[in-house]
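Notes follow the structure.
Please read all numbers here as calculations on a predicted model, not as lab measurements. A, B, ... follow the sequence lines: proteins, then strands. Residue 1 opens every chain.
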Protein chains: 2
Amino acid sequence: MSRSLPKQRLRVWLRMLSAQREIETGLREALRVKFDSTLPRFDVMSALDRYRDGLRMSELSAKLKVSNGNVTGIVERLAGEGLVERVAVDGDRRAMQVRLTPTGAERFAEMATAHEGWIDEQLSAFDSDELEQLIRLLERMGGENA
Amino acid sequence: MSRSLPKQRLRVWLRMLSAQREIETGLREALRVKFDSTLPRFDVMSALDRYRDGLRMSELSAKLKVSNGNVTGIVERLAGEGLVERVAVDGDRRAMQVRLTPTGAERFAEMATAHEGWIDEQLSAFDSDELEQLIRLLERMGGENA
DNA sequence: TGCAGATATTTTATACTTGAAATAAATTCT
DNA sequence: AGAATTTATTTCAAGTATAAAATATCTGCA
């Protein structure tokens, strides 16, 4: 006998939360011990790596779906470590373009390789067909994306 | 042509993060405006609602997959609002049993109803078969669980 | 031109989160 | 019993996160 649709949806949600929290715990730990870094920093660097010309603060927070003020702090720390730099945008003195420094790009490359490996392990139970299924389903969850 | 398995797994992971962050943003906002509460508080209350006799601090943090110290703070605030209470465990003076107060249980019931509705909306795109698929797939992600 | 409103970002206050250290109490092992 | 270890929880320092207020700049339009 199948549950009511709302209950079933709730179940999916709770299961998703649980799986994600577990995987994140592993990633966080790995980033910490191998790179002395954190997930939020990795996320920011990852976004910047995909946009080599850099991103505005607001673009960054939109892509990561986190608040503006949040990004300010993370970028500040990354800048302090010399991994990213903020450059004035000419034509708009309000805006800031953030991009990886060469050191940052290099460092990110190492982290990304390791990260991909960790995720590969965590999702090793799934074959290509199942992954395709998951993608298709997840793409319909929430709204648009990237 | 299909990507390499590791890349495909990474794609699934990123998509899952994105969907979840989006849904969480909605929930957080809803909890804030309707109940002047937060997601972590809701999570704690939800766990306690399923265990009416209460849970130890350590059981609570294990169920929620968050650190001990984290739970201390959230429970403290909930206790301040009169929604949970901490009682000494007899036979073990180190331990604390946390449980919903009557007010807390009542309040949680309202929140849970609303929460289920919000999730139902967010996942409204999926029918029963798809939800079943999702559950089965998600259950194999990460390790065991609840 | 000049200003009303829109944008981009930072700042602030508060809450959440972790990992590690500190307490305190129970258990184990002589 | 008494010391060493383990277990339950809190405290702490630092980082992450949000929403809202504050700044600074830009844009459109009377």
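DNA chain C is contacted by both B:Leu39 and A:Val89; A:Val89 maps to the nucleotide lying nearer its 5′ end (nearest heavy atom per residue). Position along DNA chain D of the nearest nucleotide to B:Met57 versus A:Ile74 favours B:Met57 as the more 5'-ward residue. The residue among B:Gly73 and A:Ser58 whose nearest nucleotide of DNA chain C lies closer to the 5′ end is A:Ser58.
Nucleotide C:dT14 holds its C1' atom 13 Å from the CD atom of B:Glu81, rounded to whole Å. B:Glu76 has its CD atom 14 Å from the P atom of D:dT9, to the nearest Å. Remark: P of D:dA17 and CG of B:Leu17 are 12 Å apart, rounded to the nearest angstrom. Between the CD atom of A:Glu24 and the P atom of D:dT16 there is a distance of 13 Å, given to the nearest Å. One interatomic measurement links the two molecules: CG of B:Leu31 to C1' of C:dA15, which rounds to 14 Å at whole-angstrom precision. The CG atom of A:Asp36 sits 13 Å away from the C1' atom of C:dG19 (whole-angstrom rounding). The separation between B:Asn70 atom CG and D:dG15 atom P is 18 Å, rounded to whole Å. Between the C1' atom of D:dC26 and the CZ atom of A:Arg56 lies a distance of 12 Å, rounded to the nearest Å.
When the side-chain nitrogen and oxygen atoms of A:Arg77 are compared with OP1 and OP2 of D:dA14, none of them lie within a distance under 4.0 Å. Residue A:Thr72 has a polar side-chain atom (N or O) positioned under 4.0 Å from OP1 or OP2 of C:dT10.
Distances from the side chain of B:Asn68 to the nucleotides D:dT18, D:dT9, D:dA19 place D:dT9 closest. For B:Arg86, the listed nucleotide lying nearest its side chain is D:dT10; candidates were C:dT18, D:dG15, D:dT10. The side chain of A:Pro40 has D:dA17 as its nearest neighbour among D:dA8, D:dA17, D:dT18. In this structure, of D:dA19, C:dT17, C:dT18, it is C:dT18 that holds the atom nearest to the side chain of A:Arg28. Nearest nucleotide to the B:Ser67 side chain, out of D:dT9, C:dT11, C:dT17: C:dT17.
B:Leu83 contributes atom CG, which lies 14.5 Å from atom CZ of B:Arg99 (distance to the nearest 0.5 angstrom). Here the CD-OG1 distance, from B:Gln122 to B:Thr25, works out to 9.5 Å after rounding to the nearest 0.5 Å. Distance check, rounded to the nearest 0.5 Å: NZ of A:Lys63 to OG of B:Ser18 gives 10.5 Å.
Pairing each heavy atom of B:Glu59 with each of B:Arg56, the nearest pair is OE1-N, 2.8 Å. Between A:Met45 and A:Gly104 the shortest heavy-atom distance is CE-O, 3.4 Å.
Proximity of B:Val44 to B:Leu64: side-chain heavy atoms (C-beta onward) are separated by under 4.5 Å at one or more points.
Between A:Phe108 and A:Phe42, the gap from one ring centroid to the other is short of 6.0 Å.
Heavy atoms from other residues, nucleotides or ligands lying under 6.0 Å from CD of B:Glu106 number 12 at most.
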Distances under 3.5 Å between protein N/O atoms and the N/O atoms of nucleotides 24-28 of chain C, please, pair by pair.
{"from": "C:dA26", "atom 1": "OP1", "to": "B:Arg93", "atom 2": "N", "distance (Å)": "3.0"}
{"from": "C:dA26", "atom 1": "OP2", "to": "B:Arg93", "atom 2": "NH2", "distance (Å)": "3.1"}

